[in-house]
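Note sheet for the following structure.
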Amino acid sequence: MEKKIDLELFRFDVKTDYLPYFAKLSVEIDLEKSLLELLQIIQHELYEYHYSAYGFKINDVVVFDFDLPIDALYKRFGKEWKIEPLNPHLALKDLTINTDYFLQKLTPLRRLGLDELAADETHSIFRNFNFKEIKTEKMNTQDLVETFLLSFLPFAYATPLSVENQDYLGEAYFILAASLYAKHKTTEILEQVCDLENGILNAQNLQTYLFPQDAKFDVCIQEFKMILFDICEDKKIQNFKSKILKAYAK
């Protein structure tokens, strides 16, 4: 069964365009086709249309599984889709974005052992495996580590705060910090997320902005937040905790 989908497609080339714009395209597509097949149709219709291997947004919701059937997407988003990059401020070419900012933001965690943790994961997950059309079997360890870290990119810019505030650490940062803390359990890791203005206490409900929804990331962040309250000796954090407890006591 075919359905018509009306698309508004974000277009921008950092080399030639001053501002982004949207191209409109209507597509008749079989509901059994995949998101990847839809992207291939778009590329055929719009010359050199680029998309990110790590996902993009449909109607402000992050989609990063290209095997999703159009049927499921149609039920979630209806017939009108506005397709944009994960973070329009970082757009390079259409839906592809500059990933350097995300990797640079992870620098404090990488100094504390994140690369070693990622290397362990990549050898068990990505070695001899094609990840989102990225051939990983011939990559060296460092490239595999970056591929693993970038697999969290969909969660880095899913929430409005993570896009609007470049200083906000972001939900992906908190997930990776929680994984690092689970291995090393050092206060230095807790200190990386305890900033009152841009740290984990500002975390937003991630699954609201993902499709398909998955609560495990929010559970992870919430549990890490509780660990921060219990263990971190930062005075601002403990004062914040006291205010919350007083509010609940009332």
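Sequential numbering from 1 along the given sequence is applied to the chain's residues. For the numbers below, each heavy atom of this structure counts, side chains included, while hydrogens, waters and symmetry mates do not.
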Is it the case that the side chain of [X] and the backbone of [Y] share a donor-acceptor pair, with hydrogens and angles ignored and the cut-off at 3.5 Å?
| X | Y | value |
| --- | --- | --- |
| N165 | L161 | no |
| E171 | Q204 | yes |
| D17 | V14 | no |
| E37 | S34 | yes |
| D67 | L35 | no |

Which heavy atom of [X] sits nearest a heavy atom of [Y], and at what distance?
| X | Y | result |
| --- | --- | --- |
| L210 | A158 | CD2-CB, 4.1 Å |
| Y49 | F10 | OH-O, 3.0 Å |
| K4 | D6 | CE-OD1, 3.3 Å |
| V193 | F174 | CG1-CD2, 4.1 Å |
| D195 | N198 | OD2-N, 2.7 Å |
| A156 | S162 | O-CB, 3.2 Å |

Open item on the list: For the OH atom of Y54 and the CG atom of L86, what is their distance to the nearest 0.5 Å?
Closed with: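 It comes to 11.5 Å.
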- [ ] Give, for atom CD1 of I5 and atom OG of S26, the distance between the pair rounded to the nearest 0.5 Å.
- [x]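 Going from the CD1 atom of I5 to the OG atom of S26 covers 10.0 Å.
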Determine all donor-acceptor pairs shorter than 3.5 Å in which one atom belongs to a side chain in residues 214-229; sequence neighbours excluded.
| residue | atom | partner | partner atom | Å |
| --- | --- | --- | --- | --- |
| D214 | OD1 | K216 | N | 3.1 |
| D218 | OD1 | L206 | N | 2.7 |
| D218 | OD2 | L206 | N | 3.3 |
| D218 | OD2 | Q207 | N | 2.9 |

Do [X] and [Y] have side chains that approach each other closer than 4.5 Å (heavy atoms only, starting at C-beta)?
| X | Y | result |
| --- | --- | --- |
| V145 | R110 | yes |
| W81 | L38 | yes |
| V27 | I29 | yes |
| F22 | L9 | no |

Task: Exceeds 12 heavy-atom contacts within 6.0 angstrom, atom CD of E32 - done: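 Counting neighbours around CD of E32, 12 or fewer heavy atoms of other residues, nucleotides or ligands fall under 6.0 Å, so no.
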Open item on the list: Does atom CD (E28) have a neighbourhood of more than 12 heavy atoms from anything else shown, all under 6.0 Å?
Closed with: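 It does: E28 CD has more than 12 such atoms within range.
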For residues 92-107, please give each side-chain donor-acceptor pair under 3.5 Å, one per line with the distance, not counting sequence neighbours.
| residue | atom | partner | partner atom | Å |
| --- | --- | --- | --- | --- |
| K93 | NZ | E48 | O | 3.2 |
| D94 | OD1 | R11 | NE | 3.3 |
| D94 | OD1 | F12 | N | 3.2 |
| D94 | OD2 | R11 | NH2 | 3.1 |
| D94 | OD2 | H50 | N | 3.0 |
| T96 | OG1 | K93 | N | 3.2 |
| T96 | OG1 | K93 | O | 2.7 |
| N98 | OD1 | D100 | N | 2.9 |
| K105 | NZ | Q166 | O | 3.0 |
| K105 | NZ | Y168 | O | 2.7 |
| T107 | OG1 | Q104 | O | 2.7 |

Open item on the list: Against the six-membered ring of Y74, is K79 placed for a cation-pi contact (under 6.0 Å from the centre, within 45° of the normal)?
Closed with: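 Because its charged atom misses either the 6.0 Å distance or the 45° angle limit, K79 does not stack over Y74.
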TODO: Would you mind listing the cluster partners of L19? Hydrophobic ones only (ILVMFWY), side-chain contacts under 4.5 Å, chaining allowed.
DONE: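 Listed partners: Y18.
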Task: Pairs flagged by salt bridge (charged side-chain N to carboxylate O under 4.0 Å, His left out) wherever residues 173-190 is involved - sequence neighbours left out - done: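 Every pair satisfying salt bridge (charged side-chain N to carboxylate O under 4.0 Å, His left out) with a residue in residues 173-190: D120-K183.
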Task: Between F211 and F77, ring centroids under 6.0 Å - done: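 Yes, close enough.
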Open item on the list: The criterion is salt bridge (charged side-chain N to carboxylate O under 4.0 Å, His left out); which residues satisfy it with D71, sequence neighbours excluded?
Closed with: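 Counting only residues at least two positions away or on another chain, D71 forms a salt bridge (charged side-chain N to carboxylate O under 4.0 Å, His left out) with K75.
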Open item on the list: Would you say L169 ends up clustered with Y209 if hydrophobic residues are merged whenever their side chains have heavy atoms under 4.5 Å apart, either directly or through other cluster members?
Closed with: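 No.
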Open item on the list: If hydrophobic clusters are built from ILVMFWY residues whose side chains come within less than 4.5 Å, do L39 and Y47 share one?
Closed with: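 Shared cluster, no.
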TODO: Could you name each residue pair satisfying ring-ring contact (aromatic ring centres under 6.0 Å, His included) that touches residues 182-206, not counting sequence neighbours?
DONE: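 Checked against ring-ring contact (aromatic ring centres under 6.0 Å, His included) - neighbours excluded - no pair reaches residues 182-206.
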Open item on the list: One pair to check against side chain to side chain contact (heavy atoms under 4.5 Å, CB included): L114 and F148. What are the steps and the verdict?
Closed with: CA-CA 11 Å; L114 183 60; F148 175 78; 5.8 Å; no
